[in-house]
Colleague: 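First the structure, then my questions, so here it is.
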Amino acid sequence: MLFARLAHVSQEIAATLARSRKTALLAELFRGAEPADVPIVIPYLAGRLPQGRLGIGWKVLAQQIPPAREPTLTVQDIDTRLTAIGAATGPGSQTERKRLVAELLAAATEDEQRYLLGLLTGEVRQGALDALAVEGLAAATGAPPADVRRAVMLAGSLQTVAQAILTDGPPALERFRLTLGRSVLPMLAHSASSVTEAVAKLGTCAVEEKLDGIRVQLHRDGDDVRLYTRTLDDITDRLPELTAAARELAGERFILDGEVIAFDEDGRPRSFQEISGRVGSRVDVATAAGQVPVSPVFFDALSVDGQDLLDLPFADRHTELARLVPEPMRVRRTVVNGPDDLPEAERFLSDTLTRGHEGVVLKALDAPYSAGRRGASWLKVKPVHTLDLVVLAAEWGHGRRTGKLSNLHLGARSADGSFAMLGKTFKGMTDAMLTWQTERLGELAVEDHGWGVTVRPELVVEIAYDGLQRSTRYAAGVTLRFARVVRYREDKSPAEADTVETLLAAHPEVTR
DNA sequence: TTCCGACAGTGGGGTCGCAAT
DNA sequence: ATTGCGACCCCACTATCGGAA
């Protein structure tokens, strides 16, 4: 198949609003794909590369290459070349990758170049990714979408399922079962603004600690232990403590879901930054493990002794978990019986925060494990802090925000009357706010930099954030975690904005 | 008819490892 | 030895479509 055909369909999908029509376009293409093209075409149309990331970013792609006149590249050509690019490592590899990318772009037409750049940066912006590719696959083969979706979650891979179903038809879906050693997409949680709101939605539910670490899925099959992250990267070798812990447990064959965290000498949980650094260390694991030993804390069991627990109610899965995993290695929890039990839920949240953790997750006791989905049956609640900060600059947006000032640079007052930048945010704005702030900041602009404008520090904005973290990027030495706009405060002057001093005082643990 | 679940898009900061300087 | 880039951790929020209620 010619790559140009994919580029064309992708453009058509991008130009279509109705999801049903996008699905139909995908299905039509899938039906016509040669078997050999399938493992390439499916990920491309889901906006990804079959090779995963190739070590190519904006820097390599910044080069302007004159496009080819006529489309000649097949999807196989593209795949072969990209594989070669990904294989380049060692000294000189960056130059080599850049050369190979230039060569590839030169062979592509303008439309093909645009699509290729989208694939390489992971920003195809066609309004259809994995979920619609699944719908399209179902439509192309006549299989029920829910069955295809489930197979993808269990396989942890869209193209594996696509290949099977396009070759052998819908019965092939039965081959995808929960298997020890094969990672499953983890279940995710929605946010709720309070414990009250969450309990009102869930009724009787478990309230569990939310730990600020790295999500892990642990598989043990006899002596073989495997460990996966949220995106199913295999990190077994980086955390030997987890393999040891898995072998201590009473069972031989199981899949557990949990979080990896670390504690300091006083038994307080270490910061996310420290845990992240530990889990990211893969060269000298022994030294890293000596400095920041980690502990697993499990909260769910997906499989025990060869029995698939995914469809069991959470209450039953937890019973299995408790049989297998001793209490210190399980997440702390309490169970509340609906709104009458709110005080217990609030007490548990308050206790959890006192012990230095992030918040709580409330889980419906009757819900199955919805692999890969952000189910409504898990609701996380974290305390939110707010500040009044001053806009120092704003960057031009991309995609649907093109032409709008989008990403705000945020400053707090310093003792000397100047403003110290604490970070940026593009979150929380409605379209109306984007329009308004583009105009207002335009009036306040003192200099246009191309990337955006710096402004007179006069506009006050209320910012919500989850906490402070250490920073080497910003002069104050700290930055806001997950900053987002709540509302503009035109009633406030910059002199009334919060100060760096009060901010640091509010989070003493960060600079201690 | 209205409501709400699921998706895609729009980017944030930190950390590590590696290649280039 | 230092710097810059890319991958991958953590993530919040809004707009939109289309099925559920």
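Chain identifiers are assigned alphabetically (A, B, ...) following the order of the sequence lines, protein sequences preceding nucleic acid strands; residue numbering begins at 1 within each chain.
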Colleague: Base, sugar-phosphate alone, or nothing: which one does Leu17(A) contact when heavy atoms must sit under 4.0 Å apart?
Modeller: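 Contact class for Leu17(A): sugar-phosphate only.
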Colleague: Report the distance from atom NZ of Lys22(A) to atom C1' of dG9(B), rounded to the nearest whole Å.
Modeller: 11 Å
Colleague: Check whether any side-chain nitrogen or oxygen of Ser20(A) sits under 4.0 Å from OP1 or OP2 of dG18(C), and answer yes or no.
Modeller: yes
Colleague: Any sub-3.5 Å donor-acceptor pair from Gln437(A)'s side-chain atoms to Leu405(A)'s backbone N or O?
Modeller: yes
Colleague: Under 3.5 Å, is there a donor on one side chain and an acceptor on the other for Glu241(A) and Ser295(A)?
Modeller: no
Colleague: Taking the nucleotide of DNA chain C with the nearest heavy atom to each, does Met429(A) or Arg19(A) sit closer to the 5' end?
Modeller: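 Mapping each residue to its closest nucleotide by heavy atoms, the 5'-most match is Met429(A).
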Colleague: Is Lys380(A) touching bases, backbone alone, or none of the nucleic acid, heavy atoms closer than 4.0 Å?
Modeller: sugar-phosphate
Colleague: Arg401(A) or Lys210(A): which one's nearest nucleotide on DNA chain C is closer to the 5' end?
Modeller: Lys210(A)
Colleague: For Ile275(A) and dC9(C), give me the distance from atom CD1 to atom C1', rounded to whole Å.
Modeller: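 Checked: the CD1 to C1' distance equals 11 Å.
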Colleague: Under 4.0 Å, heavy atoms only, any strand: does Lys382(A) hit a base, just the sugar-phosphate, or nothing?
Modeller: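 Sugar-phosphate, no base atom in range.
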Colleague: How would you label the contact of Tyr465(A) with the nucleic acid (heavy atoms, under 4.0 Å): base, sugar-phosphate, or nothing?
Modeller: nothing
Colleague: Under 4.0 angstrom, heavy atoms only, what part of the nucleic acid is Gly52(A) near: base, sugar-phosphate, or nothing?
Modeller: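 Nothing: the residue Gly52(A), judged by heavy atoms under 4.0 Å, touches no strand.
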Colleague: Touch check for Leu480(A), heavy atoms < 4.0 angstrom, all strands: base, sugar-phosphate only, or nothing?
Modeller: nothing
Colleague: Indicate whether OP1 or OP2 belonging to dT15(B) is found under 4.0 Å from a side-chain N or O atom of Gln273(A).
Modeller: yes
Colleague: Please confirm whether the shortest side-chain N or O distance from Thr231(A) to OP1 or OP2 of dC9(C) is below 4.0 Å.
Modeller: yes
Colleague: Counting the atoms with a prime plus P, OP1 and OP2 as sugar-phosphate, which does Leu54(A) contact under 4.0 Å by heavy atoms, base, sugar-phosphate, or nothing?
Modeller: sugar-phosphate
Colleague: Check whether Phe482(A) forms a cation-pi arrangement with Lys382(A) (NZ or CZ under 6.0 Å from the six-membered ring centre, at most 45° off the ring normal).
Modeller: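 Ring-cation test returns no.
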Colleague: Return the 5'-most residue of the pair Arg481(A), Asp130(A) with respect to DNA chain B, ranking by each residue's nearest nucleotide.
Modeller: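 Result: Asp130(A).
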Colleague: Pick base, sugar-phosphate or nothing for Ala464(A), based on heavy-atom distances below 4.0 Å to the nucleic acid.
Modeller: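 Here Ala464(A) touches no strand at all.
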Colleague: Categorize Asp212(A) for me: base, sugar-phosphate, or nothing, with a 4.0 angstrom heavy-atom threshold over every strand shown.
Modeller: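 Nothing: the residue Asp212(A), judged by heavy atoms under 4.0 Å, touches no strand.
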Colleague: Would you mind reading off the distance between Ile214(A) atom CD1 and dA7(C) atom C1', rounded to a whole angstrom?
Modeller: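 Distance check: Ile214(A) CD1 to dA7(C) C1' gives 14 Å.
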Colleague: Just to confirm, is there a sub-4.0 Å distance from OP1 or OP2 of dG6(C) to any side-chain nitrogen or oxygen of Trp58(A)?
Modeller: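 Yes.
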Colleague: Could you tell me how far apart Arg473(A) (CZ) and dG4(C) (P) are, to the nearest whole angstrom?
Modeller: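 Value for this atom pair: 12 Å.
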Colleague: Within the structure shown, what part of the strands sits under 4.0 Å from Val60(A) by heavy-atom distance: base, sugar-phosphate, or nothing?
Modeller: sugar-phosphate
Colleague: May I ask which nucleotide in the shown strands pairs with dC7(B), Watson-Crick or G-U wobble, both distances under 3.5 Å?
Modeller: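 In the structure as shown, dC7(B) has no Watson-Crick or wobble partner.
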Colleague: Run the salt bridge (Lys or Arg N to Asp or Glu O under 4.0 Å) check on Arg150(A) and Asp147(A) step by step: do they pass?
Modeller: CA-CA 5 Å; Arg150(A) 185 178 172 87; Asp147(A) 292 2; over 6 Å; no
Colleague: The side chain of Ser93(A) lies closest to which of these nucleotides: dG9(B), dG14(B), dA19(B)?
Modeller: dA19(B)
Colleague: Would you indicate what Lys427(A) reaches in the nucleic acid, counting non-hydrogen atoms under 4.0 angstrom: base, sugar-phosphate, or nothing?
Modeller: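 Answer is base: heavy atoms of Lys427(A) come under 4.0 Å of a base.
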Colleague: Any side-chain N or O of Arg484(A) less than 4.0 Å from the OP1 or OP2 oxygen of dG12(B)?
Modeller: no
Colleague: Atom CH2 of Trp436(A) to atom P of dT14(C): distance rounded to whole Å?
Modeller: 17 Å
Colleague: Charged N to carboxylate O under 4.0 angstrom, Glu501(A) versus Arg413(A)?
Modeller: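 The answer is no: the pair does not qualify as a salt bridge.
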Colleague: If you apply the rule side chain to side chain donor-acceptor pair (under 3.5 Å), what do you find for Arg21(A) with Thr16(A), and how did you get there?
Modeller: CA-CA 7 Å; Arg21(A) 175 79 189 129; Thr16(A) 304; 5.1 Å; no
Colleague: Measuring to OP1 and OP2 of dA20(B), would you say a side-chain N or O of Thr95(A) lies under 4.0 angstrom away?
Modeller: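 So the side chain of Thr95(A) is within the cut-off, an N or O lying under 4.0 Å from OP1 or OP2 of dA20(B).
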Colleague: Please check the phosphate of dG9(B) (OP1 and OP2 only) for any side-chain N or O of His398(A) closer than 4.0 Å.
Modeller: no
Colleague: Would you confirm whether Thr141(A), through its side chain, and Leu137(A), through its main-chain N or O, come within 3.5 Å as a donor-acceptor pair?
Modeller: yes
Colleague: The side chain of Asp233(A) lies closest to which of these nucleotides: dA12(C), dC9(C), dA8(B)?
Modeller: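 The listed nucleotide nearest to Asp233(A)'s side chain is dC9(C).
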Colleague: Parallel, tilted or perpendicular for Trp451(A) and His409(A), by the 30°/60° rule?
Modeller: parallel
Colleague: Base, sugar-phosphate or nothing for Ala483(A)? Non-hydrogen atoms, less than 4.0 Å.
Modeller: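 It contacts nothing in the nucleic acid.
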Colleague: Base, sugar-phosphate alone, or nothing: which one does Gln126(A) contact when heavy atoms must sit under 4.0 Å apart?
Modeller: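 It contacts sugar-phosphate atoms only.
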Colleague: Should Val478(A) and Thr511(A) count as side-chain neighbours, where that means a heavy-atom distance under 4.5 Å?
Modeller: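 Answer yes - side chains close enough.
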Colleague: I need the CZ-C1' distance between Arg278(A) and dC16(B), as an integer number of Å.
Modeller: 13 Å
Colleague: The side chain of Arg400(A) lies closest to which of these nucleotides: dA15(C), dC7(B), dG12(B)?
Modeller: dA15(C)
Colleague: To the nearest Å, give me how far apart CG (Leu434(A)) and P (dT14(C)) are.
Modeller: 11 Å
Colleague: Whether Ser471(A) contacts dG14(B) is assessed here as follows: a side-chain N or O lying under 4.0 Å from the phosphate OP1 or OP2. Is that the case?
Modeller: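 Ser471(A) to dG14(B) OP1/OP2: side-chain N or O found under 4.0 Å.
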Colleague: What's the closest nucleotide to the Ala18(A) side chain, out of dG18(C), dA12(C), dC7(B)?
Modeller: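 For the Ala18(A) side chain, the nearest candidate turns out to be dG18(C).
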Colleague: dG9(B), OP1 or OP2 - any side-chain N/O from Arg125(A) closer than 4.0 Å?
Modeller: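 Result: no.
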Colleague: Is the phosphate of dA7(C) approached by Arg53(A) (side-chain N or O, under 4.0 Å from OP1 or OP2)?
Modeller: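 Yes, because at least one side-chain N or O of Arg53(A) sits under 4.0 Å from OP1 or OP2 of dA7(C).
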Colleague: Applying a 4.0 Å non-hydrogen cut-off, can you work out what Thr425(A) is touching in the nucleic acid: base, sugar-phosphate, or nothing?
Modeller: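 The residue Thr425(A) makes no contact with any strand.
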Colleague: Measure from the side chain of Pro91(A), starting at C-beta and using heavy atoms only, and say which of dA20(B), dA8(B), dT16(C) lies closest.
Modeller: dA20(B)
Colleague: When you check the phosphate oxygens OP1 and OP2 of dT15(B), does a side-chain N or O of Ser281(A) lie under 4.0 Å from one of them?
Modeller: no
Colleague: In whole Å, what is the span from the CD atom of Glu135(A) to the C1' atom of dG19(C)?
Modeller: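 Spelled out: CD on Glu135(A) to C1' on dG19(C) is 11 Å.
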Colleague: Do the side-chain N or O atoms of Asn407(A) get closer than 4.0 angstrom to the phosphate oxygens (OP1, OP2) of dT10(B)?
Modeller: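 Looking at the OP1 and OP2 atoms of dT10(B), neither is under 4.0 Å from any side-chain N or O of Asn407(A).
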Colleague: Map Glu395(A) and Arg282(A) onto DNA chain B by nearest heavy atom, then report which one ends up closer to the 5' terminus.
Modeller: Glu395(A)
